[in-house]
Amino acid sequence: MESLFAAVNAVLSFITPVSDFFWDFPKNFTWYQQIPILGNFSLAIIVLVGSGLYFTFRLGFIQVRYFKKGIRLLVHRRRSDSGISPLAAFFLSSAMRVGPGNIIGVTGAIAAGGPGALFWMWISAFFGMATAYTESVLAQLFKEKRGDEFVGGLPFYARKLLGDRTWIGVALSCVYILYAMFCLPAQGFNVVTSIGAMAEVATGTSIPVQSSFYYVVSILVVGLAALIAFGGIKRVTRATDAMVPVMAVVYVGTVLFLIVTNLHRVPYFFEAVFAGAFKPEAVFGGAFGVALVQGVKRGLMSNEAGQGTITMAAAAADARHPCEQGLVGALGVFLDTHIICTMTGFVVIMAQQWSANPAGWEAAGTYPKFMLSIHAMAPGALDTVAMFLLSLCFCLFAYTTMVGMITFSEIAANRISSTPALIHSIRLLGVFVAAFGIFCNIAGYDLSNLWAFSDLGNIIIVYCNIPLLYMGFRYVLGATRQYNPDRGSGFCSDSIGLNTCCWSEQKQR
């Protein structure tokens, strides 16, 4: 195991500087840093936020105009013989969006940028809803039917928009699969450690990481992940249909309870967020750009709007109109950032641990900072209950993300080949990689370089996906102009100049 770990770490050791370069470009250059305001933002942030602004205005603030329609689409359950329902697709995408980043990412953003980072997280997510709408509509337009399932997403619409070149779809499929595989070890370990945290809270004792308890739990987690992943998209969606509502309700309900028991701190929360958005406190760096950059970066990486990594779920839905799934995709961003991330923000900001316990706050890691905040918000017996429930949510966040990454990798692999041998190999590889990460971490090995690869994968996918959204936007705009939710009219891609696999007139006959 040690030699294998050393080999993996050696291969990945060069990733961190490469990842930092792409995320910071062109902030790496002094001349750019000297530009007022603009010099605080990397090209990645400008591209993501700028695209959200562009799509919002061109689509006439569709995330506002059709917000209620999107809610009705989710509330209205309907059976689907082919593919999955729009609601199931929403839960499947939420399984990926609502992950550990909703706790770790938000806590880290507030720790680095102050309470004002949460405000900019809201703003970026609002415009990101239009980006999510755009990529979800594209995923629907260019989806393909394989058996009784629909497959599609970034690799599929990339191939069609770039001259129907096979190698493009294959290349982007490989990029996503590699990205997912290097994210899986940390997600698997998050599941196991959160189960350990729940056990410690329940028993009141400390459980060593290198113990039979952790090894048994690890084997069970890997076995359950394999059982669900090898059941295909339908089994995964059944699991996410059950888990996503539970984890969202428990998380929001627990935080709302903490808020109600600390009502006297609510005015401070809003004062700190809105004042900090423009005048961050000196302890967080005292620069306008720090809060803004942290909020935008962490927000977009949490809800994944613009990355194309959620488009596989959008394509899997048996929607009546491509724009309906676009609205569902936009609501996924709203749930992730404006609800789940905001709940985390309430806990961290209202606890005020940076001023009440500065030494402990600075010394703690990102997740321990969140746990310190819970302790400050729920003293006594409530502390134990809140710790257990929020650890349960963290466990579900990580588990659904882990299973979602394996499933989305399977969907991406369909662009390469739909042969059972390849699909089963991708499932097996995902389970093996998650297991490898879990046992390496339990054995005490540091796999921090994998986080750098994840960041690199994120920015590569962003730079691949955003240009494609602009290339296909005319089709999104055409479908949107044709969409009339009041009439409930159908859709034919021929009307916007497309001959697609699932939406053209001849295919629908």
Next item on the list: Using modelled atom types only, decide if a donor and an acceptor are shared between the side chain of Gln140 and the backbone of Ala314 within a distance under 3.5 Å.
Entry: yes

Next item on the list: Let me know which of Tyr268, Phe269, Tyr251 forms a ring-ring contact (aromatic ring centres under 6.0 Å, His included) with Phe346.
Entry: Phe269

Check: Would you find more than 12 non-hydrogen atoms of other residues, nucleotides or ligands less than 6.0 Å from Phe257 atom CZ?
Finding: no

Next item on the list: Using the test salt bridge (charged side-chain N to carboxylate O under 4.0 Å, His left out), find all partners of Arg427 that sit at least two apart in sequence or belong to another chain.
Entry: Glu410

Notebook entry, point to check: Should Tyr66 and Tyr133 count as side-chain neighbours, where that means a heavy-atom distance under 4.5 Å?
Noted result: no

Checklist line | Rounded distance [0.5 Å steps], CD in Gln353 versus CE in Met371 | finding: 13.0 Å

Check: Is the shortest heavy-atom distance from the side chain of Leu327 to the side chain of Ile62 under 4.5 Å?
Finding: yes

Notebook entry, point to check: Which class fits the ring pair Phe491 and Trp503: parallel under 30°, tilted 30 to 60°, perpendicular over 60°?
Noted result: perpendicular

Check: Taking the inter-plane angle between the rings of Trp122 and Phe119 on a 0 to 90° scale, is it parallel (under 30°), tilted (30 to 60°) or perpendicular (over 60°)?
Finding: perpendicular

Next item on the list: Answer yes if the ring centres of Phe394 and Phe370 are under 6.0 angstrom apart, and no otherwise.
Entry: no

Next item on the list: With the side chain counted from C-beta on, respond yes when Asn465 and Tyr157 share a heavy-atom pair under 4.5 Å apart, and no when they do not.
Entry: yes

Check: Heavy atoms, side chains only, cut-off 4.5 Å: are Arg415 and Tyr176 in contact?
Finding: no

Next item on the list: Check whether more than 12 heavy atoms from other residues, nucleotides or ligands sit under 6.0 Å from atom OH of Tyr32, and answer yes or no.
Entry: yes

Notebook entry, point to check: Taking the side chain from Ser493 and the backbone from Leu498, do they hold a donor-acceptor pair closer than 3.5 Å?
Noted result: yes

